[in-house]
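Have a look at the structure below before the remarks.
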Amino acid sequence: MTQKIPLSWLQLTREKTRLAVALSGIAFADILMFMQLGFRDALYYSNVRMHGSLKGEIVLINTQSNAVLAMKPFSQRRLYKALDLPAVQSVHPIYLDYTSWKNPITGRPRSILTFGINPEFNVFDLPGVEENLDKLKLPDVVLFDRSSRLEYGPIAADFDQGKNVTAEVRRRKIKVTGLFTLGASFGADGNLITSDVNFLRLFTTRQRGLIDIGLIKLKPGADPKQVADYLRTYLPTDVNVLTKQEFIDYERNYWASSTAIGFIFTLGTIMGFIVGTVIVYQILYTEVTDHLSEYATLKAIGYTQNYLLTVILQEAFMLAVLGYMPGFACALFMYHVARDATLLPVFMSYERAIMVLILTIFMCFISGIIAMRKLRSADPADIF
């Protein structure tokens, strides 16, 4: 039994060069969408990794704080007042600020984000913090983020080799006594963790007791949302009470709506979609134009307009799937390159892969629908 080859496939493969150009254009549009969405999601994820690592259920911040990039301090008395609630197990103040780290090799300064915590308690669920807490009790010592950018110097490599690693931070000589893993973000290329005492030694203009983040750990079984709701009425209005997830969303929303970066990546995705639509439309329009007489013949022998429309949509679907595959493969490679170059978490996700595939199919269908208008001019009378 002879297997029938779809008319749409025969039309697409008739001009091999045209098909290759169409698939290249769709792949390019997919790569553009993949990269824009990948960088956008890396932006959001990298800037909330610290938030997600906090070992507590409720967070207090100053109401004037917009994001970690622009935190405002508040009195830790607000935090300790939360201990009045029976559901609260413990509270932990956190200092954070940006300072200047001088590369010990080149001497070039670079901004670095520094966290000051009480070394008696581990407030970060990050690799390398728990085992190095006791070391932070010594003066002028820090933990260095091994995922920081290389512009800070070969700190992690030297420490792993057993070398004595020192550097100048805010014109003060400090010693790296351990490594932890957090990762670079759009807001900070590197991170340090030190004790609250050492933090105040580095930041001499900061006042003790004026903290940036207040972390509240609840007793087992307590409902974070209910406790947060009560604290909003119990505490003064100069602090913002957030659950851990609300704190994550608060930071993400800042980058999505209050900065141009989120808009730029979204605009880039839209531009990729438009570029792909135009390319596919041109290909399908040319296909219809070149075969206009054949379409008119098909109409003359009884094929309906809907059948011909189905052929065009089949071509659009085939172009979408065939063009998506090389675009997906190239995006994986470029994600790897971008991740190594920037140390940002640029990874492929199932959700993004499916989203771009749906966008690609939708893009090709829109092009096919627009190109269908040319079919109306396929008049059977023209062939006689």
Side-chain angles (χ1 to χ4, degrees), residues 24-53 65-71 98 110-111 113 145 147-151 182-191 245-281 320 323-367:
S24 300
I26 296 172
F28 173 78
D30 285 344
I31 292 171
L32 185 56
M33 289 190 288
F34 269 126
M35 297 308 297
Q36 296 297 318
L37 292 172
F39 281 124
R40 187 198 65 180
D41 292 345
L43 160 70
Y44 297 154
Y45 177 74
S46 65
N47 282 298
V48 300
R49 279 188 291 196
M50 182 277 294
H51 305 59
S53 71
S65 294
N66 296 319
V68 169
L69 194 65
M71 297 294 286
Y98 288 86
R110 193 175 185 87
S111 178
L113 181 59
D145 183 3
S147 298
S148 299
R149 290 182 59 85
L150 296 178
E151 285 82 354
L182 175 57
S185 68
F186 278 77
D189 291 333
N191 305 280
Q245 185 58 49
E246 288 172 345
F247 187 42
I248 294 173
D249 295 338
Y250 190 81
E251 181 81 20
R252 182 182 288 114
N253 291 337
Y254 169 81
W255 288 96
S257 59
S258 299
T259 66
I261 298 178
F263 171 78
I264 289 172
F265 288 139
T266 302
L267 180 62
T269 304
I270 296 173
M271 292 301 298
F273 182 87
I274 295 174
V275 167
T277 302
V278 172
I279 291 174
V280 177
Y281 165 72
Y324 174 83
M325 290 187 288
F328 178 81
C330 290
L332 287 177
F333 172 74
M334 295 183 70
Y335 278 2
H336 177 74
V337 173
R339 189 167 58 250
D340 289 345
T342 65
L343 298 180
L344 291 172
V346 187
F347 294 95
M348 181 64 71
S349 65
Y350 291 108
E351 294 82 3
R352 191 182 311 129
I354 294 173
M355 179 193 301
V356 173
L357 176 59
I358 293 174
L359 287 175
T360 306
I361 296 173
F362 186 56
M363 172 182 73
C364 292
F365 275 6
I366 290 178
S367 303

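Only a predicted model underlies this, so the values are computations on that prediction, with no experimental measurement involved.
In this structure, Asp41 CG and Arg352 CZ are separated by 4.5 Å, a value rounded to the nearest 0.5 Å. Taken from CD1 in Ile248 to OH in Tyr44, the straight-line distance is 15.0 Å, to the nearest 0.5 Å. Rounding to the nearest 0.5 Å places CZ of Phe328 at 12.0 Å from CD1 of Ile31. For the atom pair CZ of Phe273 and CD1 of Ile366, the computed distance is 4.0 Å after rounding to the nearest 0.5 Å. With rounding to the nearest 0.5 Å, the separation of CE in Met271 from OG1 in Thr266 is 13.5 Å. Note: Arg149 CZ to Arg110 CZ = 6.0 Å, rounded to the nearest 0.5 Å.
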#### Entry: side chain to side chain contact (heavy atoms under 4.5 Å, CB included) between His51 and Tyr250, worked out
CA-CA 10 Å; His51 305 59; Tyr250 190 81; over 6 Å; no

### Task
Show the numbers, then the answer: is there a side chain to side chain contact (heavy atoms under 4.5 Å, CB included) between Leu359 and Met33?
CA-CA 9 Å; Leu359 287 175; Met33 289 190 288; 4.1 Å; yes

### side chain to side chain contact (heavy atoms under 4.5 Å, CB included) between Trp255 and Val48, worked out
CA-CA 10 Å; Trp255 288 96; Val48 300; over 6 Å; no

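Heavy-atom neighbours of Phe186 CZ from other residues, nucleotides or ligands within 6.0 Å: above the threshold of 12. Counting non-hydrogen atoms of other residues, nucleotides and ligands closer than 6.0 Å to CZ of Phe263 gives a total of 12 or fewer. Shown here is Leu150, whose CG atom has no more than 12 heavy atoms of other residues, nucleotides or ligands within 6.0 Å. The number of heavy atoms from other shown groups lying within 6.0 Å of CE (Met334) does not exceed 12. Atom OH of Tyr45 has 12 or fewer heavy atoms from other residues, nucleotides or ligands within 6.0 Å.
Looking at Arg40, its side chain never comes within 3.5 Å of a backbone N or O of Ala256 through a donor-acceptor pair. Of the possible donor and acceptor atoms, one in the side chain of Tyr324 sits under 3.5 Å from a partner among the backbone N and O of Ala353. Judged by distance alone, with hydrogens and angles left aside, the side-chain atoms of Asn191 form a donor-acceptor pair with the main-chain N or O of Gly183 at under 3.5 Å. No donor-acceptor pair under 3.5 Å is formed between the side chain of Arg252 and the backbone N or O of Asn47. For the pair Ser147 (side chain) and Leu182 (backbone), a donor-acceptor distance under 3.5 Å is absent.
Closest approach of Tyr98 and Gly187 over heavy atoms only: OH-O, 2.9 Å. Of all the heavy atoms in Asp30 and Gly327, the pair that sits closest is CB-CA, 4.3 Å. Among all heavy-atom pairs drawn from Arg339 and Val346, the shortest one is NH1-O, 2.7 Å. The minimum heavy-atom distance linking Gly276 with Ala29 is given by the pair CA-CB, 3.6 Å. Shown here for Pro345 and Ala184, the closest heavy-atom pair between the two residues is CD-O, 4.5 Å. What you find for Pro326 and Ala27 is that their closest heavy atoms are CG-CB, 4.1 Å.
Relative ring orientation between Phe39 and Phe265 is described as parallel, the plane-to-plane angle staying below 30° on a 0-90° scale split at 30° and 60°.
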